[in-house]
Protein chains: 4
Amino acid sequence: MEKADKRCAIIRAALELVAEHGFHGAPMSMVSEKAGVAAGTIYCYFDNKETLIRETYGYLEGRIVETVTKRYPGDRPVRERFLHVGEALIRYYIGSPLEFRFLEQFHNSPFGVEHRRDKFMGKRGGCDIFRELFEEGVSQQVMKDLPLVILFALSFGPILTVVRDHVLGFVILDNTLISRTLEACWDGIRR
Amino acid sequence: MEKADKRCAIIRAALELVAEHGFHGAPMSMVSEKAGVAAGTIYCYFDNKETLIRETYGYLEGRIVETVTKRYPGDRPVRERFLHVGEALIRYYIGSPLEFRFLEQFHNSPFGVEHRRDKFMGKRGGCDIFRELFEEGVSQQVMKDLPLVILFALSFGPILTVVRDHVLGFVILDNTLISRTLEACWDGIRR
Amino acid sequence: MEKADKRCAIIRAALELVAEHGFHGAPMSMVSEKAGVAAGTIYCYFDNKETLIRETYGYLEGRIVETVTKRYPGDRPVRERFLHVGEALIRYYIGSPLEFRFLEQFHNSPFGVEHRRDKFMGKRGGCDIFRELFEEGVSQQVMKDLPLVILFALSFGPILTVVRDHVLGFVILDNTLISRTLEACWDGIRR
Amino acid sequence: MEKADKRCAIIRAALELVAEHGFHGAPMSMVSEKAGVAAGTIYCYFDNKETLIRETYGYLEGRIVETVTKRYPGDRPVRERFLHVGEALIRYYIGSPLEFRFLEQFHNSPFGVEHRRDKFMGKRGGCDIFRELFEEGVSQQVMKDLPLVILFALSFGPILTVVRDHVLGFVILDNTLISRTLEACWDGIRR
DNA sequence: GATGAATGAGCGTTCATTCAT
DNA sequence: CATGAATGAACGCTCATTCAT
């Protein structure tokens with residue numbers, strides 16, 4: 001196995017175990033077993049468990065930014081861009097339920113809170129696209145004049161909840177349901 | 001100390017510790033210490049840690065139902081009832097950040113998922129009032145004709161997100177912001 | 001087994017294992033096994049390994065002070081008192097080779113150095129009797145006018161070395177050899 | 001890099017790390033890093049960690065013998081030779097605190113004890129010069145008629161202790177203090 | 001019922017050593 | 001010879017749970 005492959009296998013294993021059982025239900029011994037490496041090998045690639053989880057998160061974040069950015073209609077109206085972003089997110093999450101569950105676990109851990117705070121406090125990351133979109137929406141007066149945080153909540157709150165319900169089998173998000181849900185979100189934030 | 005008091009003290013201690021440090025940051029020994037009882041005593045009242053956490057959750061659920069039900073304007077229009085429920089929830093959570101944090105921890109644990117599944121699959125609980133409200137909203141054609149799960153997501157997704165942001169200090173929810181947020185939620189679900 | 005007995009058994013086990021194999025050759029698992037308790041039990045009595053070792057040291061220090069103090073001829077000339085102290089030390093160490101080895105290990109560990117520094121810097125302990133003796137010796141002009149540290153080295157350096165040689169079997173310290181060695185030490189420090 | 005250079009670099013690295021952090025604070029990986037070689041390379045030169053430490057000790061022993069032997073006034077009286085040896089040792093140790101700390105660590109490890117035993121039991125090493133000096137001192141009746149081991153203890157016990165105190169900063173050994181200390185040692189062993 | 005000392009499986013992590021390159 | 005990624009046994013320590021009192 002190549003070096004990069006091994007690193008990747010460890011991240012995959014961590015991803016899956018954390019997604020299924022949470023941070024504390026994913027002992028390093030289990031991660032190493034699932035990745036097919038020895039216990040100590042993980043520490044050749046990651047300083048400690050926290051770092052492993054953070055880097056797994058970073059890896060996912062990259063993929064999501066990629067997903068959302070791809071074919072982003074930067075020159076279309078705000079509404080259309082919003083719907084694009086929402087749909088990209090929902091489709092990505094639905095297609096990668098493990099990733100989705102991992103992200104939920106991460107966001108709900110101390111790391112996640114800290115991470116959000118950092119990002120919020122200015123150290124931007126891939127979220128700039130969201131910020132720009134909403135700021136433009138407000139300044140063009142097509143969105144309600146609410147704090148960004150509230151607009152985010154009105155948009156991503158339902159999206160994440162809806163995806164969770166889908167992943168848990170409480171609803172099946174087909175194409176029409178996805179678009180109707182996103183339209184409803186738009187109704188929530190639009191003027 | 002009375003028997004009921006002791007039981008209650010244990011639940012309070014569990015609540016606070018889980019809220020502050022998460023499930024795995026709340027060892028039984030710490031719970032017993034905070035509750036002012038011996039380590040073994042907890043097991044006189046609860047079979048094991050899982051049960052303790054579940055019952056703590058049940059206790060909170062009861063209080064929330066109480067909160068939402070109190071002064072519930074059952075004879076007023078759907079919109080008004082929705083706003084009442086939403087405001088009751090937000091105010092309760094904001095006034096009881098510990099409870100809110102506990103609930104978030106619980107919902108994001110394996111227990112939480114299982115719990116939601118049980119409730120969804122028919123074993124109702126205190127959520128009937130929500131269900132009734134939304135079913136009526138749909139049948140009266142004042143709400144969008146979407147699955148209940150989606151309407152829940154459009155309503156409680158933003159509410160919980162917004163409260164979390166408040167608790168973490170990313171925004172301050174004053175009276176006007178609360179009502180404007182709830183109006184926006186209503187825009188999302190109304191026809 | 002009584003509570004105090006268990007604590008004592010753990011200290012004995014730590015003492016023996018550290019004496020024989022050094023700090024790092026005395027894993028907690030071995031200590032617990034030797035003490036006849038479970039691994040976790042040690043932590044009911046001591047915060048961590050460091051504390052266990054420190055308290056073991058403290059226990060020994062107490063016994064030594066006791067030994068040296070007992071029948072200490074406080075009203076006799078400095079020389080006589082010096083010989084009493086030296087002989088008490090040598091006899092104690094020879095009679096308790098395990099204790100002696102432990103002390104050597106301790107003194108040579110980071111803890112030991114720190115401990116000496118603390119004591120030296122003013123936080124006195126049981127060594128006051130030594131300090132008094134030597135200060136009086138200097139002021140009465142029966143000892144050389146050298147810094148206390150040097151006088152200590154001239155006295156305890158040989159004593160500890162000689163005991164070590166005895167314990168390792170390089171020499172057998174009988175009564176005459178003990179007293180002749182102490183006389184030689186006295187020759188080293190006396191005016 | 002030459003083969004001999006590499007070997008030497010490894011020994012230097014081991015020496016420094018053991019001196020600073022003790023045997024167990026000097027992992028092979030750290031030694032290799034400090035020496036500027038790969039982890040596995042050490043095993044081209046030394047069978048295992050124990051061997052590395054032993055050979056590091058041997059290297060130091062050689063340097064010390066060299067130091068003590070240089071300008072050794074073999075034709076001068078015993079007293080003078082003793083003072084030369086003592087001063088050479090003290091000056092060497094003080095000038096090479098790392099070496100001194102390593103030696104202390106070594107002497108206090110299981111290896112050290114075994115090493116002393118071997119040497120004592122006949123497999124002589126560089127200590128012959130000491131042995132000769134003291135044997136001559138005794139036979140000329142300028143030294144006390146005590147076993148060699150005791151005379152060694154009376155000489156080197158204080159010397160090592162005094163140097164340790166200097167290295168730890170408890171005293172500063174200037175020229176006069178060195179010579180006065182050595183005179184005191186001589187008082188201890190002389191007739 | 002209540003206690004809390006005791007348990008021991010399991011955790012995250014380290015590091016001497018190996019071996020394919 | 002030299003490399004350094006990989007190994008896995010062993011470490012110190014935690015904590016849910018038990019049970020004699």
Side-chain angles (χ1 to χ4, degrees), chain A residues 1-4 6-7 10 23-33 35-52, chain B residues 1-3 6-7 23-33 36-53, chain C residues 1-4 6-7 10 23-33 35-52, chain D residues 1-3 6-7 23-33 36-53:
Chain A
M1 197 191 285
E2 292 270 329
K3 205 184 139 183
K6 210 166 263 181
R7 195 190 144 87
I10 293 167
F23 182 75
H24 294 283
M28 294 298 261
S29 57
M30 221 176 266
V31 173
S32 69
E33 198 183 356
V37 301
T41 305
I42 300 182
Y43 295 90
C44 296
Y45 295 92
F46 307 94
D47 276 355
N48 49 43
K49 189 174 180 180
E50 183 180 326
T51 302
L52 167 58
Chain B
M1 198 190 285
E2 291 272 328
K3 212 185 130 181
K6 215 167 255 184
R7 195 190 145 86
F23 182 72
H24 293 280
M28 293 297 262
S29 58
M30 222 176 266
V31 172
S32 69
E33 196 184 358
V37 302
T41 305
I42 299 183
Y43 293 88
C44 297
Y45 295 92
F46 307 92
D47 275 357
N48 49 42
K49 191 174 182 180
E50 185 180 323
T51 302
L52 168 59
I53 263 58
Chain C
M1 198 190 284
E2 292 272 329
K3 205 184 137 182
K6 210 165 264 183
R7 195 191 145 89
I10 293 166
F23 182 74
H24 293 281
M28 294 298 261
S29 58
M30 221 176 267
V31 173
S32 68
E33 198 182 358
V37 301
T41 304
I42 299 181
Y43 296 90
C44 295
Y45 296 92
F46 307 94
D47 277 355
N48 48 45
K49 190 174 181 180
E50 183 180 326
T51 302
L52 167 59
Chain D
M1 199 190 285
E2 292 272 329
K3 210 183 128 178
K6 215 168 256 185
R7 194 189 147 87
F23 182 72
H24 293 280
M28 294 297 262
S29 58
M30 222 177 266
V31 172
S32 69
E33 197 184 357
V37 302
T41 306
I42 299 182
Y43 293 88
C44 296
Y45 295 91
F46 308 92
D47 276 356
N48 49 41
K49 191 172 181 180
E50 185 180 324
T51 303
L52 167 59
I53 263 58

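Side chains included, hydrogens not; waters and symmetry mates left out as well; all remaining heavy atoms used. Residue numbers start from 1 in every chain, and the chains themselves are labelled A, B, ... in the order their sequence lines are given, proteins ahead of strands.
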**OP:** Please check the phosphate of dC13(F) (OP1 and OP2 only) for any side-chain N or O of Lys49(C) closer than 4.0 Å.
**Re:** no

**OP:** Please state whether the phosphate of dA5(E), meaning OP1 or OP2, lies under 4.0 angstrom from any side-chain nitrogen or oxygen of Lys6(C).
**Re:** no

Original post:
Would a distance-only check, ignoring hydrogens and angles, find a side-chain to backbone donor-acceptor pair under 3.5 Å from Lys6(A) to Tyr45(A)?
Top reply: no

Subject >> Distance, rounded to the nearest Å, where Ile42(D) contributes CD1 and dG4(F) contributes C1' >> reply: 12 Å

Original post:
For DNA chain E, what is the dot-bracket line, given that a base pair needs Watson-Crick (N1 to N3, plus N6-O4 or O6-N4) or G-U wobble (N1-O2 and O6-N3) geometry with both distances under 3.5 Å, and | means paired with another strand?
Top reply: .||||||||||||||||||||

Original post:
Quick one: on DNA chain F, does Glu50(C) or Ala26(B) contact a more 5' nucleotide (nearest heavy atom)?
Top reply: Glu50(C)

Original post:
Start at the 5' end of DNA chain F and walk down; is the nucleotide closest to His24(B) or to Met28(C) reached first?
Top reply: Met28(C)

**OP:** By nearest nucleotide on DNA chain E, pick out whichever of Ala38(C) and Ser29(A) is the more 5' one.
**Re:** Ala38(C)

Original post:
Taking for each residue the nucleotide of DNA chain E with the nearest heavy atom, is it Phe23(A) or Thr41(B) whose nucleotide lies nearer the 5' end?
Top reply: Thr41(B)

Residues 26-33 of chain A side chain polar contacts: donor-acceptor under 3.5 Å, at least two apart:
residue: Ser32(A); atom: OG; partner: Met28(A); partner atom: O; Å: 3.4
residue: Ser32(A); atom: OG; partner: Ser29(A); partner atom: O; Å: 2.8

**OP:** Could you check Asn48(B), Leu52(B), Ile53(B) and say which one makes a side chain to side chain contact (heavy atoms under 4.5 Å, CB included) with Glu50(B)?
**Re:** Asn48(B)

**OP:** Using a 4.0 Å heavy-atom cut-off across all strands, classify Tyr45(C) as base, sugar-phosphate, or nothing.
**Re:** sugar-phosphate

Protein N or O to nucleotides 18-21 of chain F N or O, pairs below 3.5 Å:
none

Subject >> Residue Val37(B), side-chain atoms from C-beta onward, closest of dT3(E), dA16(E), dG12(E) >> reply: dT3(E)

